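Small disclaimer: the values here were computed from a predicted structure and weren't measured. This chain uses plain numbering: 1 for the first residue, then up along the sequence.
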Amino acid sequence: MNIGVDAAALGMGNAVTAHSADVNSGYWNPAGLVHVEDKQLALMHSSYFESIANYDYIGFAMPIDDKSALGISLIRFAVDDILNTTQLIDEQGNINYDRISLFSTADYGVTFSYARKLPLDGLNYGINAKVIRRIIGDFASSWGFGLDAAIQFQTKNDWKFGIMARDITTTFNTWNINEDAYATIQDAVEGQNQELPETTEITIPKLQFGVSKKFIIRYDYSLLAEVDLNIRFEQNNDIISTSFASVNPALGLEFGYIDMIYLRTGLGNFQNELQIDNNQRVSFQPSMGVGFKYKGIQVDYAFTDIGDQSIALYSNVFSLKLDFSIFR
């Protein structure tokens, strides 16, 4: 649930909290759903770790009336067809390849979103209710639940501000472990897998704050810029980190031509990394992308590093957005 959706947003380094205003706002800032004027559908696919893992997303949003909107989205992140070799060697020490089976490990996230305009002009709010499902073959599975809350505000001179509070209830997952399947691997390696793991996972709250502004240049050209601050209430490797909270900035830029062709770039995920020689350096996650929009159809592509620009683990992300107004 932390990776992000929509190639347009990923191409801008995930710095979209303030200006997000379409079907994908259900993920980035549900308050932005109030700007959806007709039904919208979004699809996205990307592969990670040289196509070992697949990340897929589908979202739908629609207005309820002139003041409110709702949305629903599904995310799946999975590694499929993993070789289960735990039974490869039988009790007599014989190797039997027929005992190899396949399984998948997958995480699912379903989000229900609602947004509404407030009486103050330019101020909107949104909420998310999330259901998390995680499956590791026949070995274990879990259910989780959580809530997000967000606001957006636009000034009369088109400055936009956004706040997204993720997991405000401390999202939790409760695991159900298949003890029979666990027993078959408990003593496979001496000193490992001796005790059942914890059956409860929690995700602590996070806060995202964004500011954006769109500049029009000679009518046909535009430049959209946004700066986000991602705040987690823990001490970690973010470039600003204390015992109370850590702050990770993100910057995104989008250059547009006649509201049809877009070039994007972004920087984010700034981390203090300790090197093998005990020296520290700052790593970051660069991204870039392109987009094309014609009437109600928008196709976007992003090329992004998954966390460390020195190891070249880049991913290609494709997304499609369809506005049903083209059928009206």
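Ring planes of Phe103 and Phe139: perpendicular class, angle over 60° (limits at 30 and 60°). Between Phe233 and Phe244, the two ring planes are perpendicular [angle over 60°; tilted spans 30° to 60°].
With hydrogens and angles disregarded, no donor-acceptor distance shorter than 3.5 Å links the side chain of Glu273 to the backbone of Ser283. Judged by distance alone, with hydrogens and angles left aside, the side-chain atoms of Asn248 form a donor-acceptor pair with the main-chain N or O of Phe270 at under 3.5 Å. Not one N or O on the side chain of Asp238 forms a donor-acceptor pair closer than 3.5 Å with the backbone of Gln271. At distances below 3.5 Å, at least one donor-acceptor pair connects side-chain atoms of Ser315 with backbone N or O atoms of Ser47. The backbone N or O of Ala149 sits nowhere less than 3.5 Å from a side-chain atom of Tyr125 that would complete a donor-acceptor pair. A side-chain donor-acceptor contact under 3.5 Å links Asn128 to the backbone of Gly26. At distances below 3.5 Å, not a single donor-acceptor pair connects side-chain atoms of Tyr108 with backbone N or O atoms of Val131. Ser222 contributes no side-chain N or O that, together with a main-chain N or O of Phe255, makes up a donor-acceptor pair within less than 3.5 Å. When atom types are taken as modelled, the side chain of Asn29 and the backbone of Thr17 share a donor-acceptor pair closer than 3.5 angstrom.
Here the NE2 atom belonging to His35 is positioned 9.0 Å from the OG atom belonging to Ser20, to the nearest 0.5 angstrom. With rounding to the nearest 0.5 angstrom, the CG atom of Leu70 is 11.0 Å from the CZ atom of Phe112.
Within 6.0 Å of the OH atom in Tyr221, the count of heavy atoms belonging to other residues, nucleotides or ligands does not exceed 12. By the 6.0 Å contact criterion, CG on Asp121 is open, its count of non-hydrogen atoms from other residues, nucleotides or ligands being 12 or less. The 12-atom threshold is not exceeded at CG of Asp138, counting heavy atoms of other residues, nucleotides or ligands nearer than 6.0 Å. Atom CZ of Phe215 sits in a crowded spot, with more than 12 heavy atoms from other residues, nucleotides or ligands closer than 6.0 Å. Atom CD of Gln235 has more than 12 neighbouring heavy atoms from other residues, nucleotides or ligands inside a 6.0 Å radius. Atom CD of Glu179 has 12 or fewer neighbouring heavy atoms from other residues, nucleotides or ligands inside a 6.0 Å radius.
Taking hydrophobic clusters as Ile, Leu, Val, Met, Phe, Trp and Tyr residues chained together by side-chain heavy-atom distances below 4.5 Å, Val34 does not share a cluster with Ile163. No path of Ile, Leu, Val, Met, Phe, Trp and Tyr side chains, each step under 4.5 Å between heavy atoms, connects Tyr262 with Leu223, placing them in separate hydrophobic clusters. Following chains of ILVMFWY side-chain contacts shorter than 4.5 Å, one can reach Phe324 starting from Ile72, so the two form part of one hydrophobic cluster. In this structure, Val16 is not a member of the same hydrophobic cluster as Leu251, with clusters built from ILVMFWY side-chain heavy atoms closer than 4.5 Å.
Residues Phe145 and Thr169 are not in side-chain contact: their nearest non-hydrogen atoms beyond the backbone lie 4.5 Å or more apart. Side-chain contact between Met1 and Lys130 is present, with heavy atoms from C-beta onward closer than 4.5 Å. Two residues are said to be in side-chain contact when any heavy atoms from C-beta on lie closer than 4.5 Å; Phe60 and Lys39 meet this criterion.
Taking both residues in full, the closest heavy atoms of Ser73 and Tyr57 are given as CB-CE1, 3.7 Å, listed atom of the first, atom of the second, then distance.
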